[in-house]
Number of protein chains: 2
Amino acid sequence: MEKIIKNPDFSDGEEILSEYLRRNFTVQVSGLCSVNYQGRAKSKLDRGERLVIKKQDSALLVHGPENYQPKNWQPEVDEWEVKAQEDELLLKARRKDPDEIVEIRFEDLEFLMVTQLVDSSDLKIRGHEIDIHESIEEDPKIVEEELKVVERERETPAGFIDVFARDSEGNYVVIEVKRNPDYNTVLQLQRYVDEIEDEFSLNVRGILVAPKMTDKVLDYLEERGLEFVGVEMEDVIASYETIDNSQKGLSDFNPDYEVD
Amino acid sequence: MEKIIKNPDFSDGEEILSEYLRRNFTVQVSGLCSVNYQGRAKSKLDRGERLVIKKQDSALLVHGPENYQPKNWQPEVDEWEVKAQEDELLLKARRKDPDEIVEIRFEDLEFLMVTQLVDSSDLKIRGHEIDIHESIEEDPKIVEEELKVVERERETPAGFIDVFARDSEGNYVVIEVKRNPDYNTVLQLQRYVDEIEDEFSLNVRGILVAPKMTDKVLDYLEERGLEFVGVEMEDVIASYETIDNSQKGLSDFNPDYEVD
DNA sequence: GCCTAGGTCCCGTGC
DNA sequence: GCACGGGGCCTAGGC
């Protein structure tokens with residue numbers, strides 16, 4: 001930990017923030033504040049105690065005591081302005097594109113902390129839509145017995161077909177994969193099916209493959225003569241071991257701090 | 001600030017976390033850790049220094065040194081498990097629905113902080129899509145002269161129509177409003193128009209109302225016989241004063257701390 | 001409780 | 001650089 005100051009006054013705050021906000025440090029400020037935002041929308045947040053975090057890449061988060069999401073934020077800050085006044089510490093964070101500004105006015109500072117986090121590890125994750133595509137290609141019978149995958153990401157004038165296949169009777173099958181299917185998914189599948197039917201002048205099957213489905217979307221699908229096949233995400237998600245194999249043997253954590 | 005401990009050992013960590021995680025406190029733990037997640041997907045995050053925040057409603061965030069978004073998280077935790085072991089401090093956060101678990105293994109603790117934030121102010125915001133709906137309802141001529149709004153959020157088998165209206169010639173008009181229109185928006189509008197045409201066996205107009213538009217989406221829209229009308233967000237966003245008027249005169253900040 | 005749709009979405013990928 | 005689509009999306013609003 002570089003620095004922690006409890007109950008700093010506004011001039012302490014101005015000094016520390018001016019020094020560290022623009023640099024490669026994680027800075028926290030907590031205290032009673034109000035926040036205005038203007039940009040793609042406009043918001044006001046009245047006085048309350050919050051935790052403000054400036055990350056090492058300049059991302060700014062204003063977190064209240066609850067919820068996953070920050071109350072205000074700035075994914076990337078281009079210009080900082082810090083000013084101690086008689087009755088407040090003003091912190092402005094401006095972003096250029098889109099042009100937006102977050103203004104935080106602290107009436108009272110509870111603490112101020114400067115640290116530096118070293119983390120070069122990437123998140124390895126399985127269970128994305130792309131992993132379902134791969135499972136189908138490896139083992140098409142999770143969709144249907146005797147299905148043969150012809151092509152992935154087949155391009156049509158209506159967009160890319162996730163998986164293009166033929167069934168045991170030789171029919172063309174268009175497969176659309178979605179983790180979270182909705183009405184638009186149905187129309188998208190419909191468009192691909194229409195496109196392939198035009199191309200081959202044949203009847204074409206359309207199958208939506210997803211780990212879950214709602215009754216209404218299923219109705220909408222079946223009204224159009226399209227089909228649904230469920231998949232188990234557990235079958236799709238690789239084991240921890242498999243994820244492990246994609247990593248290097250040793251962690252690339254490196255304790256050398258980069259200052260600035 | 002309730003507590004701050006620098007470089008706590010694992011048994012300190014276990015003690016403090018066991019006491020405070022389940023209660024109405026904001027708890028921060030920072031240090032060298034690795035994180036596993038399993039639930040809707042499965043992920044591994046190798047060792048690195050991170051800031052872990054448990055909010056007062058049990059939301060859990062694992063923030064790396066960069067980016068707006070946490071590397072791992074749990075929007076709501078139902079069960080906590082904390083265990084100091086010889087070489088690590090293990091923190092498990094389980095959620096019941098969906099069933100998922102985040103496991104954080106600390107190899108080294110940099111600091112541990114317990115605070116309590118008091119914030120009962122709501123965020124006042126203007127510029128959401130709903131504000132455009134309201135502008136249209138108040139003054140339909142921003143879309144078209146002599147347009148009459150019939151209904152908002154009209155339900156159809158294909159979903160909800162933002163604004164349902166009739167034009168000067170008595171035609172039905174389906175209006176879809178979007179801040180950020182894209183291809184899917186066109187499909188969505190198409191869905192509604194098709195549904196209303198089926199329902200009334202009439203030709204129905206479809207208008208996409210948005211503050212911006214791209215050439216490709218416009219082409220895609222017009223190919224389908226659908227229309228676009230631009231609106232200015234500035235006309236939609238209320239002034240700060242208007243936002244102010246929606247607030248009570250006095251802040252409802254109350255310095256009484258609720259312990260538990 | 002499920003379902004629908006928006007978000008200052010953010011963010012990666014492909015053109 | 002923009003644009004498109006996914007996300008462990010999250011979250012609010014209806015029913």
Side-chain angles (χ1 to χ4, degrees), chain A residues 35-43 45 59-62 66-76 95 97-102 123 125-133 153 159-160 162 177-185 188 211-220 233 237, chain B residues 35-43 45 59 61-62 66-76 95 97-102 123 125-133 153 155-156 158-162 176-188 191 212-217 220 233 237:
Chain A
V35 188
N36 286 341
Y37 158 78
Q38 182 157 16
R40 290 167 289 178
K42 183 184 287 194
S43 75
L45 183 58
L60 181 72
L61 310 173
V62 181
E66 291 166 356
N67 296 327
Y68 164 88
Q69 65 165 49
K71 292 200 164 193
N72 285 97
W73 69 91
Q74 200 77 283
E76 222 178 325
R95 183 188 187 186
D97 184 31
D99 187 11
E100 16 190 30
I101 189 161
V102 171
L123 182 72
I125 188 164
R126 291 293 160 96
H128 283 183
E129 187 186 301
I130 191 74
D131 299 318
I132 305 178
H133 295 195
E153 305 296 343
F160 289 85
D162 285 340
V177 177
K178 274 282 190 295
R179 271 185 60 98
N180 297 296
D182 60 15
Y183 286 98
N184 272 339
T185 310
Q188 205 178 333
K212 60 183 178 183
M213 175 53 59
T214 66
D215 292 343
K216 286 184 178 178
V217 172
L218 186 59
D219 287 348
Y220 197 70
M233 282 311 285
I237 294 176
Chain B
V35 188
N36 287 340
Y37 157 79
Q38 181 156 15
R40 288 165 291 178
K42 182 184 288 193
S43 75
L45 183 57
L61 310 173
V62 181
E66 290 167 355
N67 296 327
Y68 164 87
Q69 64 165 50
K71 292 201 163 192
N72 283 98
W73 69 92
Q74 200 73 286
E76 222 178 323
R95 183 188 187 188
D97 184 30
D99 187 12
E100 14 190 30
I101 190 160
V102 171
L123 182 72
I125 187 164
R126 291 294 161 95
H128 282 184
E129 187 187 301
I130 191 73
D131 299 319
I132 305 178
H133 294 196
E153 304 297 344
E155 189 168 7
T156 77
F160 291 84
I161 295 173
D162 285 342
E176 174 63 25
V177 177
K178 272 284 191 295
R179 277 177 52 98
N180 298 296
D182 59 14
Y183 282 93
N184 277 334
T185 310
V186 177
L187 286 188
Q188 200 178 341
R191 234 163 71 202
K212 59 183 177 182
M213 176 53 58
T214 65
D215 291 345
K216 286 186 177 177
V217 173
Y220 197 69
M233 278 314 282
I237 295 177

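Convention: sequence-line order gives letters A, B, ...; per-chain numbering from 1.
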With a centroid cutoff of 5.5 Å and a plane-angle limit of 30°, would you call A:Y183 stacked on C:dT4?
no
Side-chain donor or acceptor of B:R179 paired with backbone N/O of A:R40 under 3.5 Å
yes
Just call it for B:E176: base, sugar-phosphate, or nothing, with non-hydrogen atoms closer than 4.0 Å on any strand.
sugar-phosphate
Would you mind classifying the nucleic acid contact of A:N72 as base, sugar-phosphate or nothing, using non-hydrogen atoms under 4.0 angstrom?
base
Within the 4.0 Å heavy-atom criterion, would you say B:E155 contacts the bases, only the backbone, or no part of the nucleic acid?
nothing
Does any N or O donor sit under 3.5 Å from an N or O acceptor when you compare the side chain of B:E129 with the base of C:dG6?
no
Across the strands shown, which category fits B:G159 at heavy-atom distances under 4.0 angstrom: base, sugar-phosphate, nothing?
sugar-phosphate
Would you indicate what A:Q69 reaches in the nucleic acid, counting non-hydrogen atoms under 4.0 angstrom: base, sugar-phosphate, or nothing?
sugar-phosphate
Nearest-Å distance for atom pair CG/C1', residues A:L60 and C:dT8:
13 Å
Side chain of B:K216 only, please: which of C:dG6, D:dC4, C:dT4 is the nearest?
D:dC4
From C:dA5, D:dG8, C:dT8, nucleotide with atom closest to B:H128 side chain:
C:dT8
With both distances under 3.5 Å as the test, what is the Watson-Crick or G-U wobble partner of D:dG8?
none
Is the shortest side-chain N to carboxylate O distance from B:R95 to B:E100 below 4.0 Å?
yes
When the distance from CD of B:Q188 to C1' of C:dT4 is rounded to whole Å, what number comes out?
10 Å
